[in-house]
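A short worksheet on the structure shown next.
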Amino acid sequence: PPLLLGGGFYFPAELLVLPDEPGKQVRSAVRIKNVSKSHVAFKFQTTAPKSCFMRPPGGILAPGETIIATVFKFVEHPENNEKPLDQKCKVKFKIVSLKVKGPVEYVPELFDEQKDQVAVEQILRVIFLDAERPSAQLDRLKRQLAEAEAALEARKKPPEDTSPPIVGEGLVIDEWKERRERYLARQQVEEVDSV
């Protein structure tokens with residue numbers, strides 16, 4: 001199930017699952033759905049900005065729209081006396097939202113301009129799972145990451161042109177090119193003759 005913001009977004013859980021692979025950058029996925037009747041801006045925040053980032057870091061969802069965001073985290077090696085999972089579980093993510101009027105362009109400054117309207121939707125705690133040990137949570141994570149990749153690829157593709165084709169436009173351009181080529185060829189012949 002997806003996540004729920006500001007009366008606007010729906011969140012599945014309070015946990016963000018990441019594979020435990022020290023020295024590597026690992027990924028998780030968060031599905032967010034706008035269940036309100038207005039457009040809603042959202043933004044990710046984290047307690048570990050140096051080792052974490054989100055794609056997209058924020059955005060605007062139309063009513064009923066769903067997005068799968070990818071969270072990237074570099075997993076540090078545990079320090080000498082520290083149990084491996086102690087330091088990692090301190091990392092938290094926060095998702096904040098803001099209702100906006102219509103489909104506006106997303107800029108992070110929206111949240112600074114309307115601080116009193118910003119709602120904290122969800123605080124996600126990070127849990128690390130042993131990447132070598134199969135589990136239902138890891139399987140679900142792999143499926144979500146595949147969906148997130150597919151959605152990203154779909155967003156990269158240019159939208160298909162659904163407008164009706166203009167008949168004859170291509171022919172006019174082709175004819176103009178031919179005329180220009182004939183003209184240039186004649187110019188070259190004339191230059192050769194005049195030499």
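Atom set for the values below is all heavy atoms of this structure, side chains included, hydrogens, waters and symmetry mates excluded.
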- Message: Do Ser28 and Leu141 make a side-chain contact, defined as non-hydrogen atoms from C-beta onward lying under 4.5 Å apart?
- Response: yes
- In terms of heavy-atom contacts, does CD of Glu153 have more than 12 from other residues, nucleotides or ligands at under 6.0 Å? yes
- Residue set satisfying side chain to side chain contact (heavy atoms under 4.5 Å, CB included) with Ala150, at least two apart, ordered chain then number -> none
- Query: Do the side chains of Leu61 and Ile68 join up, straight or via other hydrophobic residues, at under 4.5 Å, putting them in one cluster?
  - Reply: no
- Task: Compare all side-chain heavy atoms of Ile127 with those of Gln137 and state whether any distance is below 4.5 angstrom.
- Result: yes
- Do Ser51 and Lys73 come close enough that some side-chain heavy atom pair is under 4.5 Å? yes
- Query: Do Leu16 and Val91 sit in the same hydrophobic cluster, where Ile, Leu, Val, Met, Phe, Trp and Tyr count as joined when their side-chain heavy atoms come under 4.5 Å apart?
  - Reply: yes
- Do the non-hydrogen side-chain atoms of Leu18 and Val75 ever get within less than 4.5 Å of each other? no
- Sidechain-backbone polar pair: Asp139 side chain, Arg143 backbone, donor-acceptor under 3.5 Å: no
- Residues at least two apart in sequence or cross-chain that pass side chain to side chain contact (heavy atoms under 4.5 Å, CB included) with Phe72, listed by chain then number, are Gln25, Arg27, Phe53, Arg55, Thr70
- Shortest non-hydrogen pair, Lys92 vs Thr47, comes out as N-OG1, 2.9 Å
- Message: Applying salt bridge (charged side-chain N to carboxylate O under 4.0 Å, His left out), can you list everything that pairs with Glu109, at least two apart in sequence or on another chain?
- Response: none
- Does Ala146 have any side chain to side chain contact (heavy atoms under 4.5 Å, CB included) partners at least two apart in sequence or in another chain, and if so, which? none
- Item | Apart from Phe74 itself, residues in the same hydrophobic cluster as defined by side-chain heavy atoms under 4.5 Å | none
- Message: Does any part of the side chain of His39, heavy atoms only, come nearer than 4.5 Å to the side chain of Pro63, both counted from C-beta?
- Response: yes
- Message: Would the distance check show the side chain of Asn34 and the main-chain N or O of Glu65 forming a donor-acceptor pair, the cut-off being under 3.5 Å?
- Response: no
- Among all residues two or more places apart in sequence or in another chain, which pass the side chain to side chain contact (heavy atoms under 4.5 Å, CB included) test with Val118? Val96, Leu98, Phe111
